[in-house]
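Presented below is the structure to which this report refers.
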Amino acid sequence: MPAKLDYHWHLRKVMADRGMFQTTDLIEPLDKRGITLSSSQVYRLVVERPERMSLKILMALLDILDCTMDDLIEPAVAAEATTRGKRAVGAEAGIGNLRPRRARIRGAEPS
């Protein structure tokens, strides 16, 4: 089974290396390159990992930050999620084959 590919997005770090510490610092340089984004769109672009992005925006970021795609995007192998079957509540509380005794409530009258 081939490894699932993933990536790390380093826009915030690259911006900080260039002295740009606020997400809104990108709005004007992007606008000068013909890309108009709202402050919330720029915030999501910087803070979150984009799943889709226009190549125009990517090229503008590379130009603004004077960096390469390798600086912004780092390929990574996705971590495999472990699949477990359903377990009873409290089953994980035991140690090895030792399990706690099931509690019994005494003296409770049915209502």
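By convention here, the first residue in the shown sequence is residue 1. Since the structure is predicted, the reported quantities are computational estimates derived from the model, not experimental observations.
Using a distance-only test at 3.5 Å, with no hydrogens or angles considered, no donor-acceptor pair links the side chain of Trp9 to the main chain of Glu51.
When side chains are defined from C-beta on, Leu65 does not count as touching Asp17, because their heavy atoms never get closer than 4.5 Å.
Between Cys67 and Leu61, the closest heavy-atom pair is SG-O, 4.5 Å. Across all non-hydrogen atoms, the minimal contact from Arg18 to Asp66 is NH2-O, 3.4 Å.
Of the inter-residue distances, the one linking Thr68 atom OG1 with Ile73 atom CD1 reads 9.5 Å to the nearest 0.5 angstrom. With rounding to the nearest 0.5 angstrom, the NZ atom of Lys13 is 13.5 Å from the NE2 atom of His8. Here CE of Met59 is found 10.5 Å from CD1 of Ile35. Values are rounded to the nearest 0.5 Å. To the nearest 0.5 angstrom, Arg49 atom CZ is 4.0 Å from Asp6 atom CG.
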**Q.** CA sep, side-chain torsions, deciding dist, call: Ser39, Ile27, side-chain contact (heavy atoms from CB on, under 4.5 Å)
**A.** CA-CA 7 Å; Ser39 59; Ile27 292 176; 3.8 Å; yes

Q | Chi angles and distances behind the side-chain contact (heavy atoms from CB on, under 4.5 Å) call for Met69, Leu72 | A | CA-CA 5 Å; Met69 284 201 319; Leu72 285 180; 5.8 Å; no

Q. Going through the distances and angles, do Leu45 and Met53 end up as a side-chain contact (heavy atoms from CB on, under 4.5 Å)?
A. CA-CA 9 Å; Leu45 182 65; Met53 181 185 338; 4.1 Å; yes

Q: Starting from the C-alpha separation in whole Å, work towards a yes-or-no answer on side-chain contact (heavy atoms from CB on, under 4.5 Å) for His10 and Asp71.
A: CA-CA 7 Å; His10 297 294; Asp71 298 328; over 6 Å; no

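Residues passing the salt bridge (Lys or Arg N to Asp or Glu O under 4.0 Å) test with Glu48: none are found, sequence neighbours excluded. Annotation: side chain to side chain contact (heavy atoms under 4.5 Å, CB included) contacts of Asp25 (sequence neighbours excluded): Met20, Gln22.
Grouping the Ile, Leu, Val, Met, Phe, Trp and Tyr side chains by contacts below 4.5 angstrom, directly or via other members, places Leu55 with Leu26.
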